[in-house]
There are 2 protein chains.
Amino acid sequence: MSPTIRDVAAAAGVSVATVSKYINGAQRFSAPVEARLKEAIATLGYRSNPLARSMITGRTRTIGLTILDISNPHFTNVVKGANRIALRHDYTLLLVDIDEQQARERPLIEALSQRVDGLIVSSRLPDEEAHWMLDLGKPVVLLRNAEALPIPSVGIDNRLASHMLARHLLNLGHRHIAYLGFGQARINDERIRGVRECLEEAGLELDVHDAHAPTALAGEHACSRVMLGPKRPQAVICYNDLIALGFMKEAATLGIRVPQDVSVTGIDNVPYGAYAAPGLTTIDIQSERMGELAMQKLIDALAGHPDPGNSMFEPRLIVRESTASAAAPTASA
Amino acid sequence: MSPTIRDVAAAAGVSVATVSKYINGAQRFSAPVEARLKEAIATLGYRSNPLARSMITGRTRTIGLTILDISNPHFTNVVKGANRIALRHDYTLLLVDIDEQQARERPLIEALSQRVDGLIVSSRLPDEEAHWMLDLGKPVVLLRNAEALPIPSVGIDNRLASHMLARHLLNLGHRHIAYLGFGQARINDERIRGVRECLEEAGLELDVHDAHAPTALAGEHACSRVMLGPKRPQAVICYNDLIALGFMKEAATLGIRVPQDVSVTGIDNVPYGAYAAPGLTTIDIQSERMGELAMQKLIDALAGHPDPGNSMFEPRLIVRESTASAAAPTASA
DNA sequence: TTGAAAGCGCTAACAT
DNA sequence: ATGTTAGCGCTTTCAA
């Protein structure tokens with residue numbers, strides 16, 4: 001067994017209380033006591049047991065972070081940002097990748113909440129079913145726009161984001177625009193609405209398809225369905241970058257050229273959109289800063305300075321080569 | 001405050017020991033006791049305090065995972081795999097992204113070790129300086145080939161991996177091959193050796209360049225240096241996929257065509273290599289399975305079935321479009 | 001500035 | 001099958 005505070009106390013000839021205070025730098029000590037303490041700790045190789053401390057103080061210096069899918073670079077970047085701020089404040093991340101356990105989501109989060117000082121939660125749960133998070137007894141920050149909920153949150157304006165994409169495509173002269181979504185995501189509807197709003201102003205209709213998953217593979221699968229079915233679109237707005245990347249790859253396989261035959265857009269601005277060819281036109285949502293801000297809000301709350309309310313990052317259009325003007329009509333119907 | 005085991009005991013009219021045993025499902029109970037227990041727990045909303053339990057049992061059901069950079073999809077996939085196995089065995093991940101704190105690496109890991117049952121460590125430390133990990137008092141699995149160390153480990157055969165790439169390029173008729181590495185990585189030398197071995201058999205020399213970072217951005221920066229300096233190569237073997245992706249993007253910007261003007265390879269088989277254009281020829285190292293196996297080894301060790309020694313995944317060449325035969329000599333010197 | 005003592009919430013002998 | 005009791009390693013009054 002490793003040495004305890006009692007071993008140190010005995011070796012230094014002081015009481016355990018003194019050792020405790022010394023470790024926590026709680027006060028000043030007489031020179032001889034300090035010297036003996038220092039030496040005893042060094043020779044014994046004593047290291048304080050964080051569990052025992054946490055049990056008393058009720059603080060673990062740990063933040064729980066639940067993420068939908070760490071494989072998605074958007075969430076990877078959220079974690080990166082959150083981790084940076086956490087480390088800076090001497091907190092550590094307890095990570096739970098919900099992806100494959102959606103049914104166990106609530107018990108997983110409840111269990112997690114007992115082991116941390118606070119939580120950052122990304123979840124598929126609709127707002128109406130998220131109220132139990134208030135009873136966790138721990139500060140929570142949601143990764144979404146939860147204006148309706150009395151829980152601090154960080155998100156982006158999805159309606160505006162997709163509106164911007166639609167406008168961009170209209171400006172390029174496209175008239176037949178399709179949306180390739182992911183119906184299981186809460187925000188899918190917001191993104192559809194943003195596109196619809198924009199198209200309606202122009203008197204245009206929107207064809208909506210579903211990719212069944214927010215992944216590149218799902219984008220690949222959906223491509224032929226969208227492009228080779230009736231009403232072939234001139235431009236496709238994808239739910240996210242991964243779907244768009246998969247879509248573009250499959251389009252190439254099918255002999256459909258991007259952007260000449262079809263313009264494609266994503267949302268998220270994951271790093272690999274820039275390394276695809278053509279580069280993916282997308283909306284930057286500042287994933288890493290979202291993680292940073294969520295963690296900052298949580299740490300502020302932990303420090304007694306809660307910042308309730310929703311923080312929304314402003315979307316920014318990133319134009320690359322996957323979108324082009326509809327000028328030259330091609331082999332499309 | 002939330003109810004404790006004592007509150008439950010009082011409410012149910014039994015002793016705390018009985019409550020404890022009930023919670024842990026340690027034995028059978030008489031019907032009336034069980035009923036009262038169940039009700040007391042339900043009405044009080046009692047939930048056992050994992051910290052208090054951990055202090056006694058000495059187990060936290062948490063695994064520490066230190067990763068060099070969660071932004072690198074290779075490591076993301078390692079985390080994904082590790083998380084999957086952990087969740088299956090009811091363990092949670094305590095994640096530390098070392099990236100920005102390389103100097104604090106050792107203290108960070110030492111602190112982490114106190115809060116977990118075991119650790120999976122990915123680190124830049126050379127084998128010679130990793131011995132202190134044996135004194136952590138917790139099982140450790142290293143993410144590397146640590147045959148020299150008495151620590152279980154999971155890795156790939158780097159020499160073989162790069163040898164395979166070199167052979168692939170030789171078979172395509174390339175004679176002037178360059179290596180674009182990342183000198184700060186331990187395994188960089190192994191990868192150079194693999195290429196050199198292969199080239200020496202053919203009586204060829206290798207030009208070695210350095211990207212300064214294992215990132216796509218670093219690959220972009222290095223491209224003109226490699227391609228527009230003296231001795232322009234016909235093929236470039238990159239330290240990893242990210243560097244290769246960056247390299248390819250910058251090559252396109254410079255008007256250098258891949259693979260017609262230069263063949264490019266990576267290592268890792270990150271998902272986005274398949275979505276780049278041209279698709280990136282690379283070595284699959286089974287990142288996700290590495291994470292799974294590392295976690296499995298650790299959990300086995302925790303269960304008293306240690307599997308010491310090094311496990312090596314076999315590299316597999318994935319040929320895509322970024323490599324092609326040197327048949328048609330182009331504008332290269 | 002230092003120490004004694006009372007727990008934090010729980011488990012694990014051991015007894016009944 | 002249930003209860004008693006002694007702590008796990010530490011912090012925190014409170015007193016000296």
Side-chain angles (χ1 to χ4, degrees), chain A residues 1-41 44-62 110-111 113-117 137-138, chain B residues 1-41 44-62 90 110-111 113-117 136-138:
Chain A
M1 290 304 294
S2 49
T4 78
I5 203 174
R6 261 185 273 272
D7 300 322
V8 176
V14 299
S15 74
V16 291
T18 302
V19 181
S20 172
K21 286 165 191 157
Y22 178 75
I23 292 163
N24 295 309
Q27 53 174 63
R28 299 190 44 129
F29 299 87
S30 66
V33 167
E34 179 155 357
R36 270 146 52 206
L37 241 17
K38 193 174 239 161
E39 200 203 311
I41 288 173
L44 288 172
Y46 168 79
R47 316 236 319 276
S48 144
N49 179 333
L51 250 58
R53 161 183 294 172
S54 290
M55 210 178 53
I56 297 173
T57 62
R59 321 207 117 229
T60 60
R61 296 218 76 84
T62 301
E110 286 180 335
S113 75
Q114 293 214 273
R115 329 192 57 230
V116 300
D117 294 346
K138 300 281 169 70
Chain B
M1 289 305 293
S2 50
T4 78
I5 203 174
R6 261 185 273 271
D7 300 323
V8 176
V14 298
S15 74
V16 291
T18 302
V19 181
S20 172
K21 286 165 191 155
Y22 178 76
I23 291 162
N24 295 308
Q27 55 173 61
R28 301 189 42 128
F29 300 87
S30 67
V33 167
E34 178 154 358
R36 269 146 54 207
L37 242 16
K38 191 173 242 160
E39 200 204 311
I41 288 173
L44 290 172
Y46 169 79
R47 315 234 323 274
S48 137
N49 179 334
L51 252 57
R53 162 183 293 172
S54 291
M55 216 183 44
I56 297 172
T57 61
R59 321 207 118 228
T60 60
R61 296 217 78 84
T62 302
D90 207 26
E110 285 179 336
S113 76
Q114 292 211 273
R115 327 193 61 228
V116 299
D117 294 346
L136 249 27
K138 298 282 169 70

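Here is the naming used below: chain letters follow the sequence lines, and residue numbers restart at 1 for every chain.
Remark: Glu34(A) engages no residue in a salt bridge (Lys or Arg N to Asp or Glu O under 4.0 Å) (not counting sequence neighbours). For Asp117(B), the side chain to side chain donor-acceptor pair (under 3.5 Å) partners two or more places apart in sequence, or in a different chain, are Thr60(B). Judged as a salt bridge (Lys or Arg N to Asp or Glu O under 4.0 Å), and not counting sequence neighbours, Glu39(B) has no contacts.
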Output, in order, the C-alpha distance, side-chain angles, deciding distance and verdict of side chain to side chain contact (heavy atoms under 4.5 Å, CB included) for Gln114(A) and Ser2(B). CA-CA 11 Å; Gln114(A) 293 214 273; Ser2(B) 50; over 6 Å; no

Applying side chain to side chain contact (heavy atoms under 4.5 Å, CB included) to Tyr22(A) and Val14(A), what does each step give before you reach the verdict? CA-CA 11 Å; Tyr22(A) 178 75; Val14(A) 299; over 6 Å; no

Starting at the 5' end of nucleotides 9-16 of chain D, put B wherever the base has a protein heavy atom under 4.0 Å, S where only the sugar-phosphate does, and a dash everywhere else. BBBB----

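Across the helix from dT1(C)-dA16(D) to dT16(C)-dA1(D), the helix axis at one end is tilted relative to the axis at the other end by 30° (nearest 10 degrees, each axis from five pairs).
Rounding to the nearest 0.5 angstrom, the gap separating the CD1 atom in Ile41(B) from the CG atom in Asp7(B) is 11.5 Å. In this structure, CZ in Arg36(B) is found 7.0 Å from OG in Ser30(B), a value given to the nearest 0.5 Å.
Across all non-hydrogen atoms, the minimal contact from Arg53(A) to Ser48(A) is NH2-OG, 4.1 Å. Between Val116(B) and Thr62(B), the shortest heavy-atom contact is CB-O, 3.4 Å.
Near DNA chain C, meaning a heavy atom under 4.0 Å away, the residues from residues 29-36 of chain A are Phe29(A), Ser30(A), Val33(A).
Between the P atom of dG3(C) and the CD atom of Gln27(A) lies a distance of 11 Å, rounded to the nearest Å. Across the protein-nucleic acid pair, Leu37(B) atom CG and dT2(D) atom C1' stand 11 Å apart, rounded to whole Å.
Arg115(B) and Ser54(A) share no side-chain donor-acceptor pair at under 3.5 Å.
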